[in-house]
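Here the structure is laid out as structure tokens; the discussion comes afterwards.
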Amino acid sequence: MRVLLAALALLLPLSLPAADKPRVVTSFSILADLTQEIGGEHIVLTNLVGPEEDAHHFEPSPDHVRSLLEADLVVANGLGFEPWLERLLASSEARGKRINASQGVVPLQVQEDGETVSDPHAWQSLSNAELYVRNIAKALSEVDPANAKTYASNRDAYLTKLHTLLKTANQRTATLPASQRKVVTSHDAFGYLGQAWQLEFLAPVGLSTTDEPSAAEVAALIRQLRTEGARAVFVDNIQDPRLIEQIAEEAGARVGGTLYSDALASEGPPSTYLGMFQHNLDTLLAALKP
Ligand SMILES: [Zn+2]
């Protein structure tokens, strides 16, 4: 009898929804890592913008479009970070659940070209990352209630690690003198990190990497660095380092290393979100310590 039922079940795959793992699509590498941590073996994950890639401008392939159409859940950042995804979802028949992992974040408002815009790089604060993790765990539980308990325990285990890193970050940044808190990065991706630990980030390129700074803007930044002094200048992992190297040279500042802004590394410690955060913290503090 049992054999017969098993055979029937094979003929009727629709009657076995539990055997189908939820298909989840994430928009970029940081969300992919957080979602995989919570979903573990219970989800099938497809990520769109990979490690070391720039999510500000992205051309989705036909395979990417297909994965969006088939997704049970699409996890995006929101806050205007993925305009290409908005367009794609609006023009497609995608029916899966859609969430913005940044939901609940208090957006940092930035002046750009005379307009007030929200800074999308909210994952650069660990407190915001906690909101991301909670939102992702909640959405996974909604599309796959059978595994809700596992998602909740994976979430709690991850948050324990995140809280440990947050505590160290608070302790280590607290010791920096006020004069050592000014840094320059390639594009304006570290506003939330600056807000959390009272660091002032200056950048020649705006919130999106699509903005090209004018020669006058670059010259103004170099003048500002010469007069106010910046401890260090950092390149970021998704952009051409040449502009930053030129600024450092002309301002008499040194390049303090690479910060991971909008994408994880392909390998090594910064290939996970917590590893990336630790790397950025270590790199910043090594350059800023008196
Ligand atoms: Zn960015």
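Just so it is clear, the model here is predicted, and its values are computed rather than measured.
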Is there a side-chain hydrogen bond (donor to acceptor under 3.5 Å, both in side chains) between Ser208 and His187 once you walk through the steps? CA-CA 7 Å; Ser208 171; His187 86 291; over 6 Å; no

Which residues satisfy the side-chain contact (heavy atoms from CB on, under 4.5 Å) test with Arg66, sequence neighbours excluded? Pro62, Asp63, Glu70

Determine whether Thr209 and Asp54 satisfy the following criterion, side-chain hydrogen bond (donor to acceptor under 3.5 Å, both in side chains), listing intermediate values before the conclusion. CA-CA 8 Å; Thr209 53; Asp54 184 351; 2.5 Å; yes

So, His64 versus Ser67: side-chain donor-acceptor pair below 3.5 Å or not? no

Any donor-acceptor N or O pair under 3.5 Å, side chains His56, Asp262: yes

Going by side-chain contact (heavy atoms from CB on, under 4.5 Å), Thr35 matches just one of Thr26, Ile30, Asn47, Val133. Which one? Thr26

Listed by chain and number, what are the side-chain contact (heavy atoms from CB on, under 4.5 Å) partners of Gln171, not counting sequence neighbours? Lys167

Apply the hydrophobic cluster definition, ILVMFWY joined by side-chain contacts under 4.5 Å directly or through others, and give me every member besides Val233. Val184, Leu202, Val205, Val218, Leu221, Ile222, Leu225, Val235, Leu243, Ile244, Ile247, Val255

Taking atom types as modelled, is there a side-chain donor on Ser27 or Glu82 under 3.5 Å from an acceptor on the other? yes

Is there a path of hydrophobic side-chain contacts, each under 4.5 Å between heavy atoms of I/L/V/M/F/W/Y residues, joining Tyr273 to Ile43? yes

Does one side chain, of His121 or Asp119, offer a donor that lies under 3.5 Å from an acceptor on the other? yes

Pair listing, ring pair (Phe, Tyr, Trp, His ring centres under 6.0 Å) test, anchored in residues 211-236, at least two apart: none

Say whether Thr116 and Gln109, considering side chains only, have a donor N or O and an acceptor N or O under 3.5 Å apart. no

Heavy-atom count around Glu212 CD within 6.0 Å, excluding the residue itself: above 12? no

Are Leu193 and Val110 connected into the same hydrophobic cluster when the rule is that any two of I, L, V, M, F, W, Y join if their side-chain heavy atoms are below 4.5 Å apart? no

Verify the distance criterion only: is there a donor paired with an acceptor across the side chains of Asn135 and Gln103 at less than 3.5 Å? no

Going by salt bridge (charged side-chain N to carboxylate O under 4.0 Å, His left out), name the pairs with one or both residues in residues 84-93, residues two or more places apart or in two chains. Glu86-Arg98, Glu93-Arg95

What pairs with His279 under side-chain contact (heavy atoms from CB on, under 4.5 Å), at least two apart in sequence or on another chain? Tyr260, Pro270, Thr283

Same cluster or not: Leu89 versus Val25, using hydrophobic residues (I, L, V, M, F, W, Y) connected whenever any side-chain heavy atoms lie under 4.5 Å apart? yes

For ring pair (Phe, Tyr, Trp, His ring centres under 6.0 Å), just list the numbers for Phe81 and Phe28, CA-CA rounded to whole Å, side-chain angles, deciding distance to a tenth of an Å, and then say yes or no. CA-CA 10 Å; Phe81 185 55; Phe28 76 116; 5.0 Å; yes

Listed once per pair and sorted, the salt bridge (charged side-chain N to carboxylate O under 4.0 Å, His left out) pairs that draw on residues 239-249, sequence neighbours left out: Asp240-Arg242

If Ile, Leu, Val, Met, Phe, Trp and Tyr residues are connected whenever their side-chain heavy atoms lie under 4.5 Å apart, and connections chain through other members, are Met276 and Leu159 in the same group? yes

Give a yes-or-no answer on whether the side chains of Ser102 and Asn77 include a donor-acceptor pair shorter than 3.5 Å. no

For atom CD of Gln111, decide whether the heavy atoms of other residues, nucleotides or ligands shown that lie under 6.0 angstrom number more than 12. yes

What pairs meet the salt bridge (charged side-chain N to carboxylate O under 4.0 Å, His left out) rule with one or both residues in residues 278-290, with sequence neighbours excluded? Arg172-Asp282

Among all residues two or more places apart in sequence or in another chain, which pass the side-chain contact (heavy atoms from CB on, under 4.5 Å) test with Glu267? none

Partners of Phe201 by ring pair (Phe, Tyr, Trp, His ring centres under 6.0 Å), sequence neighbours excluded? Phe190

Which residue pairs satisfy the ring pair (Phe, Tyr, Trp, His ring centres under 6.0 Å) criterion with at least one member in residues 136-181, sequence neighbours excluded? none

Report the residues that fulfil side-chain hydrogen bond (donor to acceptor under 3.5 Å, both in side chains) with Ser125, sequence neighbours left out, ordered by chain and then residue number. none

Following the transitive rule for hydrophobic clusters with a side-chain heavy-atom cut-off under 4.5 Å over Ile, Leu, Val, Met, Phe, Trp and Tyr, establish whether Ile238 and Leu259 coincide in one cluster. no

More than 12 heavy atoms from other groups under 6.0 Å of CD on Glu115: no

